[in-house]
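Reviewing the structure listed below.
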Amino acid sequence: MVGSAIVRELQRQEYVNILTRTHAELDLTRQEDVEKFFASEKPEYVFLAAAKVGGIVANQGAPADFMYQNMILEMNVINAAWQNGCKKLMFLGSSCIYPRLAPQPMREDCLLTGPLEQTNEAYALAKISGLKYCEYLNRQYGTDFISVMPTNLYGPNDNYHPEHSHVLPALIRRFHEAKVKGLERVTCWGDGSPLREFLYVDDLANLCVFLMNRYRGNETVNAGTGKEITIKALTELVAKTVGYTGSIGWDPSRPNGTPRKLLDVSKATSLGWTYKTELEEGIRLTYEDFLQHPVRAER
């Protein structure tokens, strides 16, 4: 989702010499293959958007996989970029790197000041390792490697898997299927009270290109809207967008996850950037993408 959005943004801004590889063409967890790619292609600027991602169920069910695959692909790419003289690299992390009970909104400097959320700790530790490796290369070797920490993302090319997806695409699929089947009630996890922030992926891509051109520094940059919504209100908004008219129930025996996760986006704002897509419009566009790609929706 993120990689394709960055390519769209680069093309929109008329960049033409763009190198991409699918997972089938280049497995980033294979160090030798990554080293051969960088030695052959010598990319000058690298957007590291690849990752193994998922929602609460996926993270809780396979923490070892999330830690290993994310950590090894990050280290392979970042190290190969440095070894082959890459001018600039951008590492994309996640807002889950911040402490579970961090002061809200979460500033970039609250990193490593408290315990992580247990439901995605393995993924968060891998992402922290990637951004710290970039920082250490900058300090030791003078590289220009930067990190961006997005909030919850959504948009075209998202993963709509019923168990492995994040909350917003999972809700889109659940309410769409409920509408098609004529179900009178949909039950959602938790109690609906957690607060979340959502950023449309094309807005993130715009920020990525913006920062690649204008930012240099060891401290990460938060990527978000500075606005939050309860999961309950989000659920109602998704149901409305999809056209589901049945009732919505809640299962408090299921985990809520982090109670609140709002990013402080003042750094990005001070650099001259702000998001463009409001949540309701973004959900509409994402649902259109879901309907146009039924094969992807079955993943």
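Everything quoted here is computed from the prediction, not taken from an experiment.
Residue Arg30 qualifies as open at atom CZ: its count of foreign heavy atoms under 6.0 Å is 12 or below. Atom CD of Glu25 has more than 12 heavy atoms from other residues, nucleotides or ligands within 6.0 Å. Heavy atoms from other residues, nucleotides or ligands lying under 6.0 Å from CG of Asp251 number more than 12.
Among residues at least two apart or in separate chains, side chain to side chain donor-acceptor pair (under 3.5 Å) pairs with a member in residues 72-99 are Lys42-Asn84, Glu44-Lys87, Asn79-Tyr133, Tyr98-Asn222. Sorted by first then second residue, the ring-ring contact (aromatic ring centres under 6.0 Å, His included) pairs that include residues 35-58, not counting sequence neighbours, number zero.
Comment: Glu288 engages Arg284 in a salt bridge, judged by a side-chain N to carboxylate O separation of less than 4.0 angstrom.
Inter-residue side-chain proximity for Glu278 and Lys227 is flagged as met; some heavy-atom pair is nearer than 4.5 Å. Side-chain contact between Leu291 and His176 is present, with heavy atoms from C-beta onward closer than 4.5 Å.
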Might you work through the side-chain contact (heavy atoms from CB on, under 4.5 Å) test for Leu111 and Leu131, ending with a clear yes or no? CA-CA 11 Å; Leu111 181 65; Leu131 75 89; 3.8 Å; yes
After noting the C-alpha distance and the side-chain angles of Asp158 and Ile172, does the key distance pass the side-chain contact (heavy atoms from CB on, under 4.5 Å) rule?
CA-CA 11 Å; Asp158 208 338; Ile172 286 176; over 6 Å; no
### Task
Take Leu168 and Leu279 through the side-chain contact (heavy atoms from CB on, under 4.5 Å) test and state the conclusion after the steps.
CA-CA 11 Å; Leu168 201 156; Leu279 184 58; 4.2 Å; yes
Could you go through the side chain to side chain donor-acceptor pair (under 3.5 Å) check for Gln31 and Glu35 one step at a time? CA-CA 6 Å; Gln31 183 177 3; Glu35 290 175 347; 3.0 Å; yes
In sequence, state the C-alpha distance, the side-chain angles, and the governing distance for Glu236 and Lys232, and then conclude on salt bridge (charged side-chain N to carboxylate O under 4.0 Å, His left out). CA-CA 6 Å; Glu236 293 169 351; Lys232 183 178 185 295; 2.7 Å; yes
For this session: Check step by step if salt bridge (charged side-chain N to carboxylate O under 4.0 Å, His left out) holds for Glu32 and Lys36.
Result: CA-CA 6 Å; Glu32 183 178 358; Lys36 286 180 179 178; 3.3 Å; yes
**OP:** For the pair Met149 and Lys127, evaluate side-chain contact (heavy atoms from CB on, under 4.5 Å) and give the outcome as yes or no after the intermediate values.
**Re:** CA-CA 9 Å; Met149 295 302 123; Lys127 287 297 184 180; 5.6 Å; no
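We find the OG1-OH distance between Thr225 and Tyr275 to be 5.5 Å, quoted to the nearest 0.5 Å. Expressed to the nearest 0.5 Å, how far CD of Gln69 lies from CG of Asp27 amounts to 8.5 Å. Arg107 CZ to Asp264 CG: the interatomic distance, rounded to the nearest 0.5 Å, is 6.0 Å. One distance of note links CG of Leu207 with CZ of Arg214; it measures 11.0 Å at 0.5 Å rounding. Separating the CG atom in Leu125 from the CE atom in Met67 is a distance of 4.5 Å, to the nearest 0.5 Å. In this structure, OG on Ser193 lies 4.5 Å from CG on Asn256, to the nearest 0.5 angstrom.
Counting Ile, Leu, Val, Met, Phe, Trp and Tyr side chains that sit under 4.5 Å apart, directly or through other members, Tyr68 shares a hydrophobic cluster with Ile72.
The shortest heavy-atom contact between Thr220 and Ser147 is OG1-O, 3.0 Å. When all heavy atoms are compared, the tightest approach of Glu197 to Gly226 is OE2-N, 2.7 Å. Here the closest non-hydrogen pair linking Asn138 and Gly217 is ND2-O, 4.4 Å. Phe198 and Thr151 get closest at one heavy-atom pair: C-CG2, 4.2 Å. Between Gly155 and Asp289, the closest heavy-atom pair is O-OD2, 4.2 Å. Contact between Cys110 and Pro99 at its shortest, heavy atoms only, is O-CD, 3.3 Å.
The one candidate from Asn159, Val53, Leu153, Thr286 that meets the side chain to side chain contact (heavy atoms under 4.5 Å, CB included) condition with Met1 is Leu153. Partner of Glu228 under the side-chain hydrogen bond (donor to acceptor under 3.5 Å, both in side chains) criterion, chosen from Arg260, Lys261, Gln104: Arg260.
Figure legend: Lys179 and Tyr244 shown without cation-pi pairing, the cationic atom not lying both under 6.0 angstrom from the six-membered ring centre and within 45 degrees of its axis.
Side-chain polar atoms of Thr277 and Asp203 form a donor-acceptor pair below 3.5 angstrom. Residues Glu9 and Asn206 have side chains that bring a donor and an acceptor to within less than 3.5 angstrom of each other.
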